[in-house]
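Quick notes on the structure that follows.
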Amino acid sequence: MRNCRLIYRSTARPDVLGSDQLAKLQQECDANNARLHVKGLLVVSGGHFLQVLEGAPRFVNEIFAAIAQDQRHHEVELITYEGSAKPHFYDWSMRLVDVATLPASFQAMFLKKYPHRGEVLAIPDDPLLVHSLLLDVKYALG
Ligand SMILES: Cc1cc2nc3c(=O)[nH]c(=O)nc-3n(C[C@H](O)[C@H](O)[C@H](O)COP(=O)(O)O)c2cc1C
């Protein structure tokens, strides 16, 4: 089956970043994505989300349509959509990770490589850097 990869970033509503709310979001993602064979990674940093979704275009598009309407975040900005893409994030239905919880050595490396505000990693504007960051986070997760 032909796969696509969709990447976007957004700004979280502050109350969504509590652990209970994030756990609820993780559950929703797991249930739907497993059913639709969609995989990916949802990165949280400095009040922003960065998410990559991979799978059949029909299902990725369907999920993204719901995500774009979701009131838990705003300023949803599509970064890249590749209509045919080799999957890279197939280990998880949707792995949610707060960058601040990753080992300090990785956080230090991220601050050297990517834009940041003080000690907080910012989600890059440049799609090439965004791809690189997602692959680095994947590597940090082991
Ligand atoms: C940052 C963010 C990421 C999300 N990612 C996914 C996702 O990967 N898969 C998914 O099914 N829903 C995701 N959602 C939730 C959807 O917006 C929506 O609430 C959900 O698909 C509705 O599921 P339901 O029809 O089972 O209630 C996300 C929401 C937010 C705010």
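The first residue of the sequence shown is numbered 1, and numbering continues consecutively from there.
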Atom [atom1] of [X] and atom [atom2] of [Y]: how far apart are they, to the nearest 0.5 Å?
X: L129; Y: L134; atom1: CG; atom2: CG; answer: 11.0 Å
X: H88; Y: R5; atom1: NE2; atom2: CZ; answer: 5.0 Å
X: H73; Y: L25; atom1: NE2; atom2: CG; answer: 9.0 Å
X: L53; Y: I7; atom1: CG; atom2: CD1; answer: 9.5 Å
X: T11; Y: E77; atom1: OG1; atom2: CD; answer: 8.5 Å

Any side-chain heavy-atom pair from [X] and [Y] closer than 4.5 angstrom?
X: F110; Y: V137; answer: yes
X: K113; Y: D136; answer: yes
X: Y81; Y: F64; answer: no
X: F49; Y: L17; answer: yes
X: L6; Y: L78; answer: yes
X: L41; Y: Q51; answer: no
X: E54; Y: V60; answer: no
X: L42; Y: V97; answer: no

Where [X] and [Y] come nearest, the two heavy atoms and their spacing:
X: I123; Y: S45; value: CD1-CB, 4.4 Å
X: P87; Y: N3; value: CG-ND2, 3.9 Å
X: A85; Y: C4; value: CB-C, 4.3 Å
X: S93; Y: N33; value: O-ND2, 3.1 Å
X: R95; Y: L141; value: NH2-CD2, 3.4 Å
X: P124; Y: V130; value: O-CG2, 3.3 Å

Discussion item. Applying side-chain contact (heavy atoms from CB on, under 4.5 Å) to N32 and F59, what does each step give before you reach the verdict?
Written reply: CA-CA 10 Å; N32 287 333; F59 297 138; over 6 Å; no

Flag, side chain of [X] to backbone of [Y], donor-acceptor distance under 3.5 Å:
X: R2; Y: G83; value: yes
X: R13; Y: H74; value: no
X: Y114; Y: L133; value: yes
X: H48; Y: V44; value: no
X: Q26; Y: M94; value: yes

Under a single-linkage definition using a 4.5 Å side-chain heavy-atom cutoff for Ile, Leu, Val, Met, Phe, Trp and Tyr, are [X] and [Y] assigned to the same hydrophobic cluster?
X: L50; Y: I63; result: no
X: W92; Y: L135; result: yes
X: V16; Y: V76; result: yes
X: L121; Y: V52; result: yes
X: L128; Y: Y139; result: no

Worksheet item: Around atom CZ of R117, are there more than 12 heavy atoms of other residues, nucleotides or ligands at under 6.0 Å?
Response: no

Worksheet, complete the sentence: With sequence neighbours left out, the residues meeting salt bridge (charged side-chain N to carboxylate O under 4.0 Å, His left out) with D125 are R9

Item to complete: Could you list the residues that satisfy salt bridge (charged side-chain N to carboxylate O under 4.0 Å, His left out) with E28, not counting sequence neighbours?
Response: K24, R72

Practice prompt. Please step through side-chain contact (heavy atoms from CB on, under 4.5 Å) for the pair Y8 and I67, ending with a clear verdict.
Written response: CA-CA 10 Å; Y8 76 88; I67 291 173; 3.3 Å; yes

Item to complete: Give a yes/no verdict on a cation-pi contact between K138 and Y90, requiring under 6.0 Å between NZ or CZ and the six-membered ring centre and an angle within 45° of the axis.
Response: yes

Worksheet item: How far apart are the C-alpha atoms of Q107 and H116, what are their side-chain angles, what is the distance that settles it, and do they pass the side chain to side chain donor-acceptor pair (under 3.5 Å) test?
Response: CA-CA 11 Å; Q107 292 192 49; H116 51 93; over 6 Å; no

Worksheet item: Would R58 and L36 count as a side-chain contact (heavy atoms from CB on, under 4.5 Å) if you check the C-alpha gap in whole Å, the side-chain angles of each, and the deciding distance to 0.1 Å?
Response: CA-CA 9 Å; R58 187 173 144 226; L36 301 176; over 6 Å; no

Worksheet item: Going through the distances and angles, do D98 and V43 end up as a side-chain contact (heavy atoms from CB on, under 4.5 Å)?
Response: CA-CA 6 Å; D98 184 338; V43 176; over 6 Å; no

